[in-house]
Chemist: 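Supplied in structure tokens, the structure appears directly below.
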There are 2 protein chains.
Amino acid sequence: MTHGVRLSWKEVRDHIQSGILDRTYAPGDKLPRDADIAAKLGCARSTVQRAMNDLSEAGLVERKRKGGTHVRMDPVTRAVVDIPITRQEVEQRGRIYGYELLGKKICRPLREITGKLEDSEPKDMLRVKALHLADHRPHIYEDRWISIQSAPEILTVDLTRESANEWLVRNKPYTRCDLRFYAIPAHAEVAKVLEIEMGSALLVIERITWNGSKPITLVKAYTAPGYEILTSNYAGGLEK
Amino acid sequence: MTHGVRLSWKEVRDHIQSGILDRTYAPGDKLPRDADIAAKLGCARSTVQRAMNDLSEAGLVERKRKGGTHVRMDPVTRAVVDIPITRQEVEQRGRIYGYELLGKKICRPLREITGKLEDSEPKDMLRVKALHLADHRPHIYEDRWISIQSAPEILTVDLTRESANEWLVRNKPYTRCDLRFYAIPAHAEVAKVLEIEMGSALLVIERITWNGSKPITLVKAYTAPGYEILTSNYAGGLEK
DNA sequence: GACTTAATTATGTACATACATGTTCTCTAA
DNA sequence: TTAGAGAACATGTATGTACATAATTAAGTC
């Protein structure tokens, strides 16, 4: 990696990982103790531990106190998804970003919504419908519910100029975020807004953000046909 | 967390994070140097660094040598997706897992496939079509291409008994894995296999695994209607 | 023999220190 | 004024040590 004089934890990690790849250590096998690996490679235990930590996070091995380190039997495919602000996502692809507010009103959330928010006593929320454009064509249609309790200031924001997406992400940081991806056929409303045929297959990104145990917002982002979510790789070569 | 006598790096992390949440440090702001935070909280710099590292991985802050640590302007929503082996996924929900091999033949990959594999000189691959069942009903239809060069042993495996999915994951560990999620309308073949109507909206999980720069396998997993991908949360409260 | 208790052991955490690595800033020379 | 060399600086990495924690194993007791 850098210079071989001192072993970096990434080198150690790669060493162990290649041991797993070439089946020196097969699934289920127990790896040597950190201290032994350290002695063998000639580095400190803490260096080995850092390497092991990374492999453990990546889902390649499992560690237990006293139990030692084992190669995982059923390695999961673990990946990281980054969902940027829509404007960024569009502009990064060199396309022109546009935004339109389609509707906004305060109303009682549907049962479907309150259920997801684990909200026992539903209160009025702000519902915002908006369209994100890429190169002047419909890109994402978002149907958003915002908790007025968690974000009362949203009522004073001019949502024709700034998207609720951006305002919230800049002004209402969250402690938790649940994502859900699924596909549905476009219903009439969505089809009209996205200018596609009814029944077209759409990828929906549903997101709920929380501050502690209080929900801030729930969005259903209906993406235009052809939309894809890509993942950056996690296991192993996370770093450059 | 544990006992307050010594400050754990998670406590430090939470402390800093709440500082960001309550806007003591707003987006774009510069945080104090690690050493200063350490002095203020009364812990070692390495403890602060570990905490910062976590926040940085979570996408909350950005760190640069000499530049210091800044709260990110455009916090990305970052989440971890775990894609388990299908059997596991089904059984974990308390349903009965089933598997059927639908077809298997060696053939020249389509141009569409070779393109994704960055394969200049396409060679014959093994194409395997299979159906995963949950409670005896179609769950996922997979259309898989396997590189015979990377995994020649696959030709000797009895794929009517063991799914290529499982065999590969246990016997051909990978160094990289690209995932792609998108929605398509069901075409005739898929519709028939999954026992749904043509044109139904399907969530497709496309996965390519690599060993170094050599592709091992490419799968298109057509999931039955209603299928969802959920994420475990990353930012902030990753640990219990 | 079954249960409880204690010793053992491998990983986990915290700390202090020394040095490496990039950035940024500053000072100097053309 | 500008370009370039170099100092200053904040984060990154590696190490050794001491102790904490959890899980297993062994010993001891009824």
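What you are looking at is a predicted structure, and each value in this text was computed from that prediction instead of being measured. Just so it is clear: chains get the letters A, B, ... in the order the sequence lines come, proteins before strands, and each one is counted from 1.
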Chemist: Figure out the CZ/C1' separation between A:Arg13 and D:dT13, and round it to whole Å.
Modeler: 14 Å
Chemist: Nearest 0.5 Å, what's the CD1-CH2 distance between B:Ile208 and B:Trp145?
Modeler: 13.0 Å
Chemist: B:Leu7 and B:Thr47: which non-hydrogen atoms are nearest, and at how many Å?
Modeler: O-CG2, 3.9 Å
Chemist: Using a distance-only criterion (donor-acceptor N/O pair, under 3.5 Å, no hydrogens), is the base of D:dT11 paired with the side chain of B:Arg63?
Modeler: no
Chemist: Is the side chain of A:Ser147 donor-acceptor paired with the backbone N or O of A:Thr217 at a distance under 3.5 Å, no angle test?
Modeler: no
Chemist: What nucleic acid atoms does A:Gly68 come within less than 4.0 Å of, heavy atoms only: base, sugar-phosphate, or nothing?
Modeler: sugar-phosphate
Chemist: Any idea which heavy atoms bring A:Met52 and A:Val61 closest together, and the distance?
Modeler: O-CG2, 4.2 Å
Chemist: May I ask you to evaluate whether B:Thr69 reaches the phosphate of D:dT11, defined as a side-chain N or O under 4.0 Å from OP1 or OP2?
Modeler: yes
Chemist: For B:Gly67 and A:Asp34, find the nucleotide of DNA chain C closest to each by heavy atoms; which residue's nucleotide sits nearer the 5' end?
Modeler: A:Asp34
Chemist: Give, ordered by number, those residues of residues 24-33 of chain B having at least one heavy-atom distance below 4.0 Å to an atom of DNA chain D; if nothing qualifies, reply none.
Modeler: B:Arg33
Chemist: I need the residues from residues 39-52 of chain B with at least one non-hydrogen atom less than 4.0 Å from DNA chain D; give them sorted by number, or say none.
Modeler: B:Arg45, B:Gln49
Chemist: Counting side-chain heavy atoms from C-beta on, which of D:dT13, C:dG12, C:dT24 comes nearest to B:Lys64?
Modeler: C:dT24
Chemist: Give a yes-or-no answer on whether the side chains of B:Thr77 and A:Arg207 include a donor-acceptor pair shorter than 3.5 Å.
Modeler: yes
Chemist: Measure from the side chain of B:Lys66, starting at C-beta and using heavy atoms only, and say which of C:dT13, D:dT13, D:dA8 lies closest.
Modeler: D:dA8
Chemist: Once salt bridge (charged side-chain N to carboxylate O under 4.0 Å, His left out) is applied, what residue pairs with a partner in residues 161-172 of chain A remain, sequence neighbours excluded?
Modeler: A:Arg87-A:Glu166, A:Glu153-A:Lys172, A:Glu166-A:Arg170, A:Arg170-B:Asp74
Chemist: Can you tell me how far apart CD (A:Gln49) and CD1 (A:Ile37) are? Round to the nearest 0.5 Å.
Modeler: 11.5 Å
Chemist: Distance check needed: C:dA10 C1' versus A:Ile37 CD1, whole Å only.
Modeler: 12 Å
Chemist: Would a 4.5 Å heavy-atom cut-off, applied to side chains only, mark A:Leu55 and A:Arg13 as touching?
Modeler: yes
Chemist: With a sphere of 6.0 Å drawn around CD of B:Gln149, does it hold more than 12 non-hydrogen atoms of other residues, nucleotides or ligands?
Modeler: no
Chemist: Would you mind reading off the distance between A:Arg65 atom CZ and D:dT25 atom C1', rounded to a whole angstrom?
Modeler: 18 Å
